[in-house]
Amino acid sequence: MTTVRISDDALALACGADAVADAFAAAGCTVERVSSWGMHWLEPLVEVGGMGFGPATPEDVPAILSGSSGKAIGRITDHPFLAGQQRLTFARAGRTRPLSLEDYAATGGWASLTRARGMAPAEVVAEVLQSGLRGRGGAGFPAGIKWQTVANAQAARKFVVCNADEGDSGTFADRMLMEGDPFQLIEGMAIAAHAVGAGEGYIYVRSEYPHAIAKLKAAIALAADHVAPFVLEVRVGAGAYVCGEETSLLNSIEGKRGEVRAKPPLPALEGLFGCPTVVNNVLTLAAIPHILAPGGASLYDSLGIDRSKGTMPIQLAGNIRYGGLYETAFGITLDRLVNAIGGGTASGRPVKAVQVGGPLGAYIPPSQFHLPFDYEAYAGADALIGHGGIVVFDDSADMGALARFAFQFCAAESCGKCTPCRIGSTRGVELIDRIRGGGKAGADAVEALPQMHNARKAGRSREEDLQLLEDLCETMQLGSLCALGGFTPYPVRSALRHWPEDFGA
Amino acid sequence: MSQPSIEAILADFAPEQASLLHICHEVQAAFGCVDAGAEAAIARHLNLSRAEVHGVVSFYHDFTAVADPRPCVELCRAEACQARGVEALVAAAEAAAGNRVRVKTVYCLGLCSSGPAARVGDTLHARLDEAALTSLVKSL
């Protein structure tokens, strides 16, 4: 009997993978549901004996089985999109059944946890430090230093919290990992717990990811014996983007409003329920089993450039021809990612801009596509890597409207705790509308009131409005409590700097 | 399916604040909202003030004070779906929906390489064009 492998990743399901799987089952095949290879334009991707066919529909089934399908892409592992990658975190992608303990153990699963538990906690922390692993959530803080802080804290209870509130548009690597290889995340968390002396862990997942939540809950139940006495629980978010900020996330787990906390105290010292807490992103924790394999830390440290070590699962999204997950060592350029690997835009029009790092990331023009993928290089260009999402826009994009959207999104998602973010975002929307609308001639109704004797009565020139926008951006960047208000100026300023013509100039 | 009472839902949860979001999810799923009466019952169970519970309920987008019995399409309008043209589909989707279906804006369903994307309950839809989206709205 023919065995057919089809992904049960949420994206494959959204593209109709269940119907294709049912059609193969009806044709008498054994259907295995595996994780996704990450070649999203080919989903639903069907694998028969190592050969791939996609994007498949139920009507393609007879031709695929008879070997005459026009959707054949050849041997999947030879596909250039995959052959060029260096997959560590996503080594199992496409190859294993997500909830099969058998598949997980057969591909090296649990070996690193066993090894780590045979080491002193301080030795585990030392290997993480040696690997150079930095937080993959966006801030890029060295994971080993965070772990060391928690390990050195004296407390009766400590926690490991996984930040799986992947709210950035253009990112889906956390989702793919949780749905495709949940045991790896669990193993990484158990290693972290051993290293810092924590007994309990939480995975905080956004409610927009129902499939990931279901997979994680099932995986935690299956893996309970492997990670005991460490215990894990899934907590489901409730639609608040700001809960991806670590202190807001901790408040949310505690059953409170997801408002940001002032730092210090650092969560590493006073985190969940006031106890020392490791808060790491899904990709950070999922990289741990590889790093704790024999020789893993030095291999990780040997990859990448400068102070950006190891590999980054980069997500190619938006208006891109070949979108999906591309894991590679740091240092790759945007030109390679967008043009050579991604094949340019899906619409076939010229690329106008890419936004790297989610809604708070800068818009980058093609003239800067030589930038190497590296935390410091991006920071130097007033941009950020964030969670590694790349959203491509073609020449029909209105950068002024996107800058306005950045403020609008910030206003909708602000937790309201600090003034620059809560008020500044709304003032930003108004200001961009005014700039794009040609400015204002005189005092408005409020400014004209006698009580407002200090208000300016004259109109504002475009230059004055732009200066006001710059002041607002500076206030938000320097005065906000967290990255939501603090980084919203990145997309705004970059759009204005590179495409002033979209602001009605 | 009979609707559980709020007391039956609360009985499953330890009386501690950390249960609050989980409780609100259950109440929202059972009644379509977390209204003032539910807030009062939750507050009693968790030994919190009603203001504290209302503060949490009103903070999160997933919880609503009033039930909306209409079927709902959650349409992603974040940057990646904008780059793939979702804004051009909104008017047609709203016209097809009328007052019968609710078209709700969400920001990111994690299908950013294959947008425009939408969600109905736990079912996801990707690669939507105007015809696919309007027929999805009409099918509800």
Side-chain angles (χ1 to χ4, degrees), chain A residues 10-11 13-15 40-41 43 166-172 174-176 207-212 214 235-241 243 252-259 273 315-320 323-325 346-347 355 358-359 389 391-394 396-397 402 405 409 412-413 415-416, chain B residues 13 16-26 28-29 34 42 46 48 52-64 74 76-88 104-128:
Chain A
L11 186 131
L13 298 181
C15 295
H40 289 164
W41 75 99
E43 294 288 2
E166 186 181 48
D168 286 355
S169 174
T171 62
F172 43 78
D174 292 355
R175 179 185 65 68
M176 284 185 64
S207 61
E208 289 86 344
Y209 283 178
H211 300 85
R235 286 302 173 101
V236 180
Y241 173 78
C243 286
S252 190
I253 295 180
E254 292 179 11
K256 298 174 182 161
R257 290 164 66 89
E259 284 181 356
F273 303 114
Q315 299 123 82
L316 302 176
N319 196 337
I320 192 162
L325 186 104
S347 59
Q355 186 178 31
V391 177
V392 179
F393 293 82
D394 71 12
S396 66
L402 286 164
F405 178 78
F409 182 77
E413 298 297 337
C415 80
Chain B
F13 290 94
E16 55 192 24
Q17 183 165 8
S19 309
L20 182 50
L21 255 69
H22 201 162
I23 291 173
C24 289
H25 272 301
E26 297 285 324
Q28 178 81 30
V34 185
I42 295 168
L46 300 182
L48 296 171
E52 284 170 299
V53 175
H54 181 70
V56 168
V57 170
S58 57
F59 182 87
Y60 294 98
H61 299 302
D62 283 5
F63 309 134
T64 54
E74 295 177 284
C76 175
R77 291 173 71 178
E79 288 89 343
C81 283
Q82 286 186 31
R84 298 182 71 94
V86 70
E87 293 303 312
K104 178 184 170 191
T105 295
V106 292
Y107 296 119
C108 200
L109 298 168
L111 308 174
C112 316
S113 56
S114 308
R119 175 181 173 190
V120 178
D122 283 350
T123 308
L124 298 168
H125 302 267
R127 297 179 190 151
L128 292 168

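Letters A, B, ... mirror the listed sequences (proteins, then strands); counts begin at 1. Nothing here was measured: the structure is a model prediction, and the numbers come from that model.
- Within the 4.5 angstrom heavy-atom criterion, no atom of A/L325 approaches chain B.
- Each of A/A240, A/S169, A/G167 has some count of heavy-atom pairs under 4.5 Å with chain B, and the biggest count is that of A/S169.
- Atom CD1 of A/I320 is separated from atom CZ of B/R84 by 9.0 Å, given to the nearest 0.5 angstrom.
- Only the side chain of A/Q355 has a heavy atom closer than 4.5 Å to any heavy atom of chain B.
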Does B/Q17 form a side-chain contact (heavy atoms from CB on, under 4.5 Å) with A/K256? I'd like the steps, not just the answer. CA-CA 8 Å; B/Q17 183 165 8; A/K256 298 174 182 161; 3.5 Å; yes
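- Each of A/S396, A/G389, A/G416, A/C415 has some count of heavy-atom pairs under 4.5 Å with chain B, and the biggest count is that of A/C415.
- Top candidate by heavy-atom pairs under 4.5 Å with chain A, chosen from B/A126, B/A117, B/C81, is B/A126.
- Ranking B/H22, B/Q82, B/E74 against chain A, the residue ahead of the rest is B/Q82, based on heavy-atom pairs under 4.5 Å.
- Contact of A/C243 with chain B is made through the side chain alone, with heavy-atom distances under 4.5 Å.
- What you find for A/A14 and B/L111 is that their closest heavy atoms are CB-CD1, 3.9 Å.
- Across A/F393, A/F172, A/F405, A/Y241, the residue that shares the most heavy-atom pairs under 4.5 angstrom with chain B is A/F405.
- Only the side chain of B/H25 comes within contact range of chain A, judged by heavy atoms closer than 4.5 Å.
- At a 4.5 Å heavy-atom cutoff, the contact between A/D168 and chain B is made by backbone atoms alone.
- Interface remark: of the candidates A/G358, A/G323, A/P210, A/P210 forms the most heavy-atom pairs closer than 4.5 Å to chain B.
- Considering OG of B/S19 and CZ of A/R235, their distance stands at 6.5 Å, rounded to 0.5 Å.
- For the salt bridge (Lys or Arg N to Asp or Glu O under 4.0 Å) condition, no pair includes a residue of residues 17-26 of chain B, sequence neighbours left out.
- B/R77 CZ to A/F409 CZ: the interatomic distance, rounded to the nearest 0.5 Å, is 13.5 Å.
- Annotation: ring pair (Phe, Tyr, Trp, His ring centres under 6.0 Å) contacts of B/H125 (sequence neighbours excluded): none.
- Taking every heavy atom of both residues into account, A/R257 and B/S58 meet most closely at NH1-OG, 4.0 Å.
- When each of A/A397, A/S252, A/A346 is checked for heavy-atom pairs under 4.5 Å with chain B, A/S252 comes out on top.
- For A/A10, the parts sitting under 4.5 Å from any heavy atom of chain B are the backbone and the side chain alike.
- Contacts of A/E43 with chain B are made by both backbone and side-chain atoms, with heavy-atom separations under 4.5 Å.
- Heavy-atom pairs under 4.5 Å with chain B peak, among A/V392, A/T171, A/L316, A/L13, at A/T171.
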